[in-house]
Amino acid sequence: MLTDTPVRAETGTGPPLKAARKPRMPQWFWGVLLVIPSAVLVLGVIAVPIVYLARLSLTDAHAYLPRINDIGLGNFANLAASPQFWQSLRTTLLYAVLTVVIQLVLGVVVALLMHQNFRGRGVVRLIAIAPYIIPAIIVALVWRWLLEPNNGAYSWLVRTVLPGADAVNLLSPTWIFASLVVVSVWMYTPFVVISVLARLQTVDPSVIEASTVDGAGPWRRFWHIILPELSAVLLTLALLRFMFMFTKFDIVYLFAGTGQEVRTLPLLTFQTIFGESRLGAGASLAMVMFVLLVVFTTVYLKTLHRRSEDTE
């Protein structure tokens with residue numbers, strides 16, 4: 001008679017059977033799976049716009065009209081033959097190098113001063129970093145008012161200190177570039193100050209105290225102890241600040257306008273696209289800036305790598 005009672009397997013004398021193990025996914029699979037979101041983000045935000053920009057640079061695309069024709073390297077040939085392009089490139093390089101060098105030197109000095117113990121140090125640090133958090137439009141308007149040759153604070157100060165003297169127009173074409181460098185240094189030096197000050201706070205004070213006991217003066221302590229500790233930070237800051245200042249647009253446009261004396265490559269690109277409606281030509285300018293920055297970054301990083309290998 002059949003029953004619903006389950007039949008038990010007979011137990012033998014052999015070893016117990018092991019349950020079948022599910023196949024495990026290899027480690028590389030999980031690595032790829034985790035990288036996919038970042039890769040998609042990079043492709044969507046960086047790679048795709050660069051490819052589209054490169055495609056536009058090979059056309060005569062108009063900013064508003066539905067006109068686009070392939071012209072090959074015609075835009076780049078026009079740039080190579082354009083005196084305006086070379087003048088803008090020289091202005092951009094001069095602006096970037098001057099502002100970065102002054103930012104680094106002044107940033108280190110200010111950071112060393114704020115690293116000392118004195119009353120009200122927190123308030124002084126807050127004031128020192130304030131220019132970096134002020135919007136560029138406010139900085140530009142305030143500085144243009146300060147340097148206004150007729151009714152600005154600068155002209156008032158000149159008339160007060162030197163009665164009867166005429167204030168030099170620092171917003172004139174002769175002086176506007178120098179004024180732009182000063183305003184840019186004032187605005188962006190706090191970034192260097194914050195970075196250097198953060199590194200100074202990690203330097204072992206016992207090393208500095210030992211060197212002081214051994215008779216090392218302030219200059220020797222800075223040159224042989226503090227500066228080597230800051231070298232990595234300063235080299236990184238030099239790269240970052242050069243990239244930022246090379247592509248800086250807002251403060252240049254808002255403070256100095258689009259005159260020939262301050263017409264950097266970002267300004268020339270802006271004028272070409274929005275002023276002349278030549279989208280393809282503007283895209284070629286943007287590609288030139290991109291390639292120049294890639295070349296500079298590659299050479300700079302290889303130089304740093306070679307230097308680190310030599311020191312080891």
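None of these values were measured; they are calculated from a predicted model.
A donor-acceptor contact shorter than 3.5 Å links the side chain of Y300 to the backbone of L235. Side chain of N69 to main chain of D60: no donor-acceptor pair is present (N/O by atom type, distance under 3.5 Å, no hydrogens or angles). At least one donor-acceptor pair closer than 3.5 Å links the side chain of N75 to the backbone N or O of T59. Side chain of S82 to backbone of L79: no donor-acceptor contact under 3.5 angstrom is found. Listed for the Y154 side chain is a donor-acceptor partner under 3.5 Å among the backbone atoms of V168. The closest donor-acceptor contact from the side chain of W145 to the backbone of G152 lies at 3.5 Å or more, if one exists at all. A donor-acceptor distance shorter than 3.5 angstrom exists from the side chain of S179 to the backbone of L170, with no hydrogens or angles considered. Of the possible polar contacts, one joining the R121 side chain to the Q116 backbone as a donor-acceptor pair under 3.5 Å is found. Between the side chain of T297 and the backbone N or O of V294, no donor-acceptor pair lies under 3.5 Å.
Smallest separation of non-hydrogen atoms from V196 and A111: CG1-CB, 3.6 Å. For T269 against G282, the heavy-atom pair with the smallest separation is CG2-O, 3.5 Å. Shortest non-hydrogen contact noted between Y132 and Y188 is CE1-CD2, 4.0 Å.
The CE atom of M245 sits 10.5 Å away from the CG atom of L98 when rounded to the nearest 0.5 Å. Note that the CE atom of M187 and the OG1 atom of T99 stand 12.5 Å from one another [nearest 0.5 Å]. T189 contributes atom OG1, which lies 11.0 Å from atom CD1 of I194 (distance to the nearest 0.5 angstrom). One distance of note links OG1 of T91 with CG of L267; it measures 10.0 Å at 0.5 Å rounding. Here W186 contributes atom CH2 and I134 contributes atom CD1; the two are 4.5 Å apart, rounded to the nearest 0.5 Å. Between the OG1 atom in T264 and the NZ atom in K248 there is a gap of 11.0 Å [rounded to 0.5 Å].
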> When you look at V142 and F255, which way does the side chain to side chain contact (heavy atoms under 4.5 Å, CB included) test go after all the steps?
Replying inline: CA-CA 9 Å; V142 170; F255 175 78; over 6 Å; no

> Going through the distances and angles, do T92 and M289 end up as a side chain to side chain contact (heavy atoms under 4.5 Å, CB included)?
Replying inline: CA-CA 10 Å; T92 306; M289 285 192 294; over 6 Å; no

> After noting the C-alpha distance and the side-chain angles of L112 and F222, does the key distance pass the side chain to side chain contact (heavy atoms under 4.5 Å, CB included) rule?
Replying inline: CA-CA 10 Å; L112 288 172; F222 170 77; 3.7 Å; yes

>> The test is side chain to side chain contact (heavy atoms under 4.5 Å, CB included); show your working for M287 and F76 and say whether it passes.
In response: CA-CA 10 Å; M287 280 302 300; F76 297 97; 4.3 Å; yes

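The aromatic ring centres of F242 and F296 sit less than 6.0 Å apart.
Between the side chains of R263 and Q260, not a single donor N or O lies within less than 3.5 Å of an accepting N or O.
Using a 4.5 Å cut-off between side-chain heavy atoms of Ile, Leu, Val, Met, Phe, Trp and Tyr, with links allowed through other members, L162 and L146 fall into different hydrophobic clusters. In the hydrophobic clustering of ILVMFWY residues, with side-chain heavy atoms under 4.5 Å counting as a link, V291 and V299 come out together. Under the 4.5 Å side-chain heavy-atom criterion for Ile, Leu, Val, Met, Phe, Trp and Tyr, V109 and F191 are members of distinct hydrophobic clusters. Linking ILVMFWY residues whenever their side-chain heavy atoms come closer than 4.5 Å, directly or via other members, leaves F244 and I102 in distinct clusters. When hydrophobic clusters are built by joining Ile, Leu, Val, Met, Phe, Trp and Tyr residues whose side-chain heavy atoms come closer than 4.5 Å, directly or via intermediates, L65 is not grouped with L279.
Other residues, nucleotides and ligands contribute only 12 or fewer heavy atoms inside 6.0 Å of the CZ atom of F274.
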Show me the donor-acceptor pairs, under 3.5 Å and distance only, between side chains in residues 34-55 and residues at least two apart or in other chains.
| residue | atom | partner | partner atom | Å |
| --- | --- | --- | --- | --- |
| R55 | NH1 | D70 | OD1 | 2.9 |
| R55 | NH2 | D70 | OD1 | 2.9 |

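Using cut-offs of 30° and 60° for the angle between ring planes, the F249 and Y253 rings count as parallel.
Within the 4.5 Å cutoff, no side-chain heavy atoms of W143 are placed close to those of I251.
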